[in-house]
Undergrad: 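Below you'll find the structure I mean.
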Amino acid sequence: YNPPRALMGYKAWRLLQGQEANEAAWVSLTPNTITATGLQDMGWADVPDGTYKWAVKAVYTGNVMSIPAFSNTQTKFTQIGTIAGLVRNQSNQGIAGATVVCGEWTATTNASGAYVLTVGAGTHSVTASAPGYTAVTQNNVVVVTGQTTTLNFVLPVSQVALEDGFETYTDFSIAFDPWTLVDVDMSGTYGMTGTTWENAYDPQAFIVFNPSTTSPALTTVTTHAGAKMAACFAATTPPNNDWMMTPMVPGGGLVRFWAKSHTDEYGLERFKVGVSNGGTNPTNFTIISGANYIQAPIDWTMYEYSLAAYADQNIRIGIQCLSNDAFIFFVDDFYVEAGGDANDPNAPAIVTNLDGNYPNPFNPETTINYSLATDGPVTINIYNARGQLVKTLVNDQKAAGNYSIVWNGTDNNGSGVSSGVYFYKMYAGKYSSTRKMILMK
């Protein structure tokens with residue numbers, strides 16, 4: 001006697017056409033029995049090109065399954081085209097090793113600055129970048145299946161010599177290249193209850209500090225932007241004398257950073273800023289922040305110093321923490337802008353370009369720099385991640401030159417916008433460029 005079996009549900013598989021008799025090659029889509037009579041193949045987007053079928057079996061009590069029923073065939077064919085061109089500098093020389101990015105696709109230029117990029121058909125934004133140059137993005141690039149779209153780039157020389165928000169280093173690192181850290185006082189360091197890091201309390205200068213992973217005593221500490229910052233803790237035998245030094249950078253421009261004291265309960269943090277023409281010996285630094293030390297308030301404060309006296313020189317910039325009884329000195333969003341000699345006939349001419357904003361991420365405001373090669377109308381708009389217009393920052397006739405504009409995180413109605421990713425786009429004649437920024441409240 002064979003008792004009747006009850007229908008429990010269904011199982012489904014994906015298979016290549018021609019593999020109908022080879023169940024071992026089928027890909028299971030339902031590890032467990034399902035009762036629904038419809039199923040979406042969530043892995044379809046990732047399968048390679050080919051012709052496929054789907055198989056379905058009914059499942060009965062005792063895990064007895066019916067013979068498979070097969071679907072019609074479905075062919076997957078990725079429509080692709082090619083983007084090719086040159087990446088050159090303003091002197092019309094090819095830039096070797098430049099990176100060209102279009103969505104998930106990436107290419108690197110050869111010794112002549114040429115690249116070839118195979119991408120999906122459609123309309124794209126393509127960005128070219130290279131060390132020492134400002135990245136350029138071209139939008140609305142149309143790629144047709146089986147055809148080649150020619151797309152050339154001219155990259156202006158970057159004025160950003162160094163930009164570091166300390167986000168790329170491991171939490172509580174006591175050494176983080178390319179920075180050089182020098183502990184002159186060689187005293188032990190105060191720590192925090194419930195928090196340790198490598199070589200804590202031993203002589204050390206600055207560390208990479210992430211307040212989100214510290215003890216409850218510092219849960220109210222916030223960075224200027226991002227999740228991390230540089231921190232110098234008090235010496236157990238004051239006064240503190242610790243240095244944080246940049247790698248060699250070109251002078252002539254400016255240095256800018258944000259700093260604060262953790263608390264004024266034990267006195268405010270004290271610091272100086274110096275410049276060296278070579279090594280990392282603190283005695284070789286010339287102080288540029290004034291004869292007296294600076295006291296950092298408990299709120300984030302921006303400090304900016306001219307490096308014009310060091311034009312045409314390679315220099316090293318150092319921040320010296322000179323705290324006496326204070327607890328923690330914080331530094332974030334360090335930025336060095338390279339300078340140029342306006343009278344130098346070999347200096348690159350002004351080009352129409354949209355530069356990166358600073359700081360980024362930011363709160364509560366950020367500065368956007370741009371330049372115009374010729375007189376003409378210019379528009380800079382800010383859009384949210386859904387492509388909706390948030391703010392028109394610039395819509396005016398401008399003379400050729402360099403400009404900057406500040407966005408304070410408000411929309412066209414003057415209302416503050418929420419944290420998130422925003423895009424700013426510049427139009428000037430035939431030129432257009434889009435960049436991304438992050439508002440973190």
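Keep in mind the model is a prediction, meaning the values are calculated, not measured.
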Undergrad: Give me the ring orientation class for Trp407 and Tyr422: parallel if the planes are under 30° apart, tilted from 30 to 60°, perpendicular past 60°.
TA: perpendicular
Undergrad: Atom SG of Cys232 and atom CZ of Phe327: how far apart are they, to the nearest 0.5 Å?
TA: 11.5 Å
Undergrad: At what distance, to the nearest 0.5 angstrom, does CG of Leu162 lie from CD1 of Ile317?
TA: 7.5 Å
Undergrad: Is it the case that the side chain of Ser306 and the backbone of Leu254 share a donor-acceptor pair, with hydrogens and angles ignored and the cut-off at 3.5 Å?
TA: no
Undergrad: Please answer whether the main-chain N or O of Ile95 pairs with a side-chain N or O of Asn89 as donor and acceptor at a distance below 3.5 Å.
TA: no
Undergrad: Indicate, with yes or no, if the rings of Trp258 and Phe334 have centres closer together than 6.0 Å.
TA: no
Undergrad: Just checking, any donor-acceptor pair under 3.5 angstrom between side chains of Asn284 and Ser276?
TA: no
Undergrad: How about Trp179 and Phe166: are their ring centres within less than 6.0 Å of each other?
TA: yes
Undergrad: Testing the 3.5 Å rule here: is there a donor-acceptor pair between the side chains of Asp375 and Gln397?
TA: no
Undergrad: Taking the side chain as every heavy atom from C-beta outward, state whether Met244 and Cys321 have any atom pair closer than 4.5 Å.
TA: no
Undergrad: Can you label the angle between the Phe209 ring and the Phe330 ring as parallel, tilted or perpendicular, going by 30° and 60°?
TA: tilted
Undergrad: Treating Thr392 as the side-chain partner and Val394 as the backbone partner, does any N or O pair qualify as donor plus acceptor under 3.5 Å?
TA: no
Undergrad: For the side chain of Asn384 and the backbone of Gly387, is there at least one donor-acceptor N/O pair under 3.5 Å apart?
TA: yes
Undergrad: Of all heavy-atom pairs between Ala400 and Ala373, which one has the smallest distance, and what is that distance?
TA: CB-O, 3.4 Å
Undergrad: Under 3.5 Å, is there a donor on one side chain and an acceptor on the other for Thr123 and Asn140?
TA: no
Undergrad: Among Asn139, Thr127, Thr137, exactly one meets side chain to side chain donor-acceptor pair (under 3.5 Å) together with Thr434. Which residue is that?
TA: Asn139
Undergrad: Between Thr106 and Thr99, what is the shortest heavy-atom contact and its length?
TA: CG2-CG2, 3.7 Å
Undergrad: Should we count OH of Tyr266 as having more than 12 external heavy atoms under 6.0 Å?
TA: no
Undergrad: Tyr403 and Tyr370: aromatic ring centres closer than 6.0 Å?
TA: yes
Undergrad: Tell me, with the steps shown, if Arg435 and Leu354 meet side chain to side chain contact (heavy atoms under 4.5 Å, CB included).
TA: CA-CA 8 Å; Arg435 289 180 171 270; Leu354 177 64; 4.2 Å; yes
Undergrad: Taking atom CG of Asn292 as the centre, does the number of heavy atoms from other residues, nucleotides or ligands within less than 6.0 Å exceed 12?
TA: no
Undergrad: Taking the side chain as every heavy atom from C-beta outward, state whether Gln320 and Asn241 have any pair of such atoms under 4.5 Å apart.
TA: yes
Undergrad: Any side-chain heavy atom of Met229 sitting closer than 4.5 Å to one from His224?
TA: no
Undergrad: If you define the side chain from C-beta out and look only at heavy atoms, does anything of Asn395 sit under 4.5 Å from Ile380?
TA: no
Undergrad: Less than 6.0 angstrom separating the ring centers of Trp243 and Phe285, yes or no?
TA: yes
Undergrad: Do the side-chain N and O atoms of Thr180 and Thr280 include a donor-acceptor pair separated by under 3.5 angstrom?
TA: no
Undergrad: Starting from the C-alpha separation in whole Å, work towards a yes-or-no answer on side chain to side chain contact (heavy atoms under 4.5 Å, CB included) for Ile288 and Leu307.
TA: CA-CA 9 Å; Ile288 62 173; Leu307 302 174; 4.1 Å; yes
Undergrad: Looking at every heavy atom in both Asn277 and Tyr310, which two are closest together, and how far apart are they?
TA: ND2-CD2, 4.3 Å
Undergrad: As an exercise, state the distance from CG of Leu86 to CD of Gln93, rounded to the nearest 0.5 Å.
TA: 13.0 Å
Undergrad: Would you check if the side chain of Asn369 reaches a backbone N or O of Asn402 as a donor-acceptor pair within less than 3.5 Å?
TA: no
Undergrad: Taking all non-hydrogen atoms of both residues, which atom of Tyr427 and which atom of Ser432 are closest, and how far apart?
TA: CD2-CB, 4.1 Å
Undergrad: Would you say the side-chain atoms of Asn210 and Asp171 include a donor-acceptor pair closer than 3.5 Å?
TA: yes
Undergrad: Is Lys260 salt-bridged to Asp299, cutoff N-O under 4.0 Å?
TA: no
Undergrad: Between Asp333 and Tyr335, do the side chains contain a donor N or O and an acceptor N or O under 3.5 Å apart?
TA: no
Undergrad: Looking only at non-hydrogen atoms, find the nearest pair between Gln295 and Tyr303 and report the distance.
TA: O-OH, 3.9 Å
Undergrad: Look at the side chain of Thr263 and the backbone N and O of Glu265, then say whether any donor-acceptor pair between them is shorter than 3.5 Å.
TA: yes
Undergrad: Judged by modelled atom types alone, do Asn408 and Thr410 share a side-chain donor-acceptor pair under 3.5 Å?
TA: yes
Undergrad: Given side chains that start at C-beta, do those of Leu372 and Val378 come closer than 4.5 Å, heavy atoms only?
TA: yes
Undergrad: Taking Lys53 for its side chain and Gln74 for its backbone only, find out whether a donor-acceptor pair lies under 3.5 Å.
TA: no
Undergrad: Where do Glu167 and Ala227 come nearest, in terms of heavy atoms and distance?
TA: OE1-N, 2.9 Å
Undergrad: Yes or no on side chain to side chain contact (heavy atoms under 4.5 Å, CB included) for Gln388 and Tyr383, after CA distance, side-chain angles and deciding distance?
TA: CA-CA 5 Å; Gln388 298 169 319; Tyr383 301 88; over 6 Å; no
Undergrad: Side chains of Val143 and Thr82: does their closest heavy-atom pair fall under 4.5 Å?
TA: no
Undergrad: What distance separates Leu16 CG from Thr51 OG1, expressed to the nearest 0.5 Å?
TA: 8.0 Å
Undergrad: Under a plain distance cut-off of 3.5 Å, with no hydrogens placed, do Ser371 and Asn353 share a side-chain donor-acceptor pair?
TA: no
Undergrad: Between the main-chain N or O of Gly85 and the side-chain N or O of Thr150, is there a donor-acceptor pair closer than 3.5 Å?
TA: no
Undergrad: Could you walk me through whether Phe362 and Ile438 satisfy the side chain to side chain contact (heavy atoms under 4.5 Å, CB included) test, starting with their C-alpha distance in whole Å, then the side-chain angles of each, then the deciding distance to 0.1 Å, before giving a yes or no?
TA: CA-CA 6 Å; Phe362 69 95; Ile438 301 174; 5.9 Å; no
Undergrad: How long is the span from the CG atom in Leu39 to the NZ atom in Lys11, to the nearest 0.5 Å?
TA: 13.0 Å
Undergrad: With a 6.0 Å cut-off on the ring centroids, do Trp26 and Trp54 count as close?
TA: no
Undergrad: With the side chain counted from C-beta on, respond yes when Val119 and His124 share a heavy-atom pair under 4.5 Å apart, and no when they do not.
TA: yes
Undergrad: When rounded to the nearest 0.5 angstrom, what is the spacing between CD in Gln138 and CD1 in Ile83?
TA: 10.0 Å
Undergrad: I'd like to know whether the aromatic ring centres of Phe329 and Phe271 sit less than 6.0 Å apart in this structure.
TA: yes
Undergrad: Heavy atoms, side chains only, cut-off 4.5 Å: are Trp13 and Phe70 in contact?
TA: no
Undergrad: Taking atom NZ of Lys436 as the centre, report whether more than 12 heavy atoms of other residues, nucleotides or ligands fall under 6.0 Å from it.
TA: no
Undergrad: Go through it in stages, so that I can follow the logic: the residues are Tyr424 and Asn381, the test is side-chain hydrogen bond (donor to acceptor under 3.5 Å, both in side chains), and I'd like the CA-CA distance, side-chain angles, deciding distance and then a yes or no.
TA: CA-CA 6 Å; Tyr424 56 104; Asn381 291 327; over 6 Å; no
Undergrad: Compute both the distance and the angle, then confirm whether Arg270 meets the cation-pi test with Tyr293: under 6.0 Å from the six-membered ring centre, within 45 degrees of the axis.
TA: yes
Undergrad: Check whether Asp183 reaches the backbone of Gln204 with its side chain - one donor and one acceptor, N or O, closer than 3.5 Å.
TA: yes
Undergrad: Okay, side chain of Ser433, backbone of Val136: is any donor-acceptor separation there less than 3.5 Å?
TA: no
